[in-house]
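Contents: one structure, followed by commentary.
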Amino acid sequence: MSNFKDKVLEVVKNIPRGKTLTYSRVAKLAGRPKAYRAVGNILNKNYDPKIPCHKVVKSNGKIGGYNRGVNKKIKLLLKEGVSLKYLRPQRKI
DNA sequence: CGTATGACGTGCA
DNA sequence: GTGCACGCCATAC
């Protein structure tokens, strides 16, 4: 099943600039719609500078997490020009 | 090989 | 809208 990991990384790597995907979406594209949990695990342990894992957010509208700090994730997303929709931990923006 | 873990998701109170 | 519990899957140890 190592293919799943590679596929997930591939999918995340293939995310266009300024776009975002949810964990469930990535899992589906990777071929395991119900492995969204594994997706988070893989990204968490296999972070690569060439893989924009910061473009992967939760499906409930939250940011999710980041192995390097959510703050960095938010900053990167803002730099990419991603919709602030995912960038509201609270507050009514 | 078996157990524990986790950057999730959905349902229900 | 918030909080708790269950489910589900691959990876790491």
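Reminder, nothing fancy here: chain letters follow the sequence lines and each chain counts from 1. FYI, side chains are in, hydrogens and waters are out, and symmetry mates aren't considered; it's all heavy atoms of this structure.
- The side-chain contact (heavy atoms from CB on, under 4.5 Å) search around Asn46(A) returns Lys5(A), Ile42(A), not counting sequence neighbours.
- Atom NZ in Lys58(A) sits roughly 6 Å away from atom P in dG9(B) (whole-Å rounding).
- When side chains are defined from C-beta on, Leu77(A) counts as touching His54(A), because their heavy atoms get closer than 4.5 Å.
- Scanning for salt bridge (charged side-chain N to carboxylate O under 4.0 Å, His left out) contacts around Lys7(A) gives an empty result, with sequence neighbours left out.
- The CZ atom of Phe4(A) sits 10 Å away from the P atom of dC9(C) (whole-angstrom rounding).
- Across the protein-nucleic acid pair, Lys45(A) atom NZ and dA10(C) atom P stand 16 Å apart, rounded to whole Å.
- Here Asp48(A) contributes atom CG and Lys50(A) contributes atom NZ; the two are 10.0 Å apart, rounded to the nearest 0.5 Å.
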Identify the pairs formed between an N or O of the protein and an N or O of nucleotides 1-5 of chain C at a distance under 3.5 Å, and give each distance.
none

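- In this structure, the CG atom of Leu77(A) is 17 Å from the P atom of dA7(B), given to the nearest Å.
- How far CD1 of Ile15(A) is from CD of Glu80(A): 10.0 Å, rounded to the nearest 0.5 Å.
- Pairs engaging residues 67-79 of chain A under the side chain to side chain donor-acceptor pair (under 3.5 Å) rule: none recorded [sequence neighbours left out].
- Ala35(A) comes within 4.0 angstrom of the backbone, heavy atoms only, and of no base.
- Nearest to the side-chain atoms of Asn60(A) among the listed nucleotides dG9(B), dT11(C), dC8(C) stands dG9(B).
- The distance from atom NZ of Lys28(A) to atom C1' of dG9(B) is 14 Å, rounded to the nearest whole Å.
- One interatomic measurement links the two molecules: OH of Tyr36(A) to P of dA7(B), which rounds to 16 Å at whole-angstrom precision.
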Could you run down the sub-3.5 Å N/O contacts of the protein with nucleotides 1-5 of chain B?
none

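- The residue Leu43(A) sits close to a base: some heavy atom pair falls under 4.0 Å.
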| task | Report the C-alpha distance between Leu76(A) and Val82(A) in whole Å, list the side-chain angles of each, state the deciding distance to 0.1 Å, and finish with yes or no for side chain to side chain contact (heavy atoms under 4.5 Å, CB included). | result | CA-CA 9 Å; Leu76(A) 288 167; Val82(A) 177; over 6 Å; no
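- Residue Ile42(A) has its side chain nearest to dT11(C) when only dG9(B), dC9(C), dT11(C) are considered.
- A side chain to side chain donor-acceptor pair (under 3.5 Å) check over residues 14-23 of chain A, counting only residues at least two apart or in different chains, returns the pairs Thr22(A)-Ser24(A).
- Contact of Tyr23(A) with dA7(B) (side chain to base): a donor-acceptor pair of N or O atoms is detected under 3.5 Å.
- Rounded to whole Å, the distance from CG on Asp6(A) to P on dT11(C) is 10 Å.
- Contact annotation: the side chain of Val39(A) never approaches that of Val12(A) to less than 4.5 Å [non-hydrogen atoms, C-beta and beyond].
- One interatomic measurement links the two molecules: NZ of Lys7(A) to P of dT11(C), which rounds to 14 Å at whole-angstrom precision.
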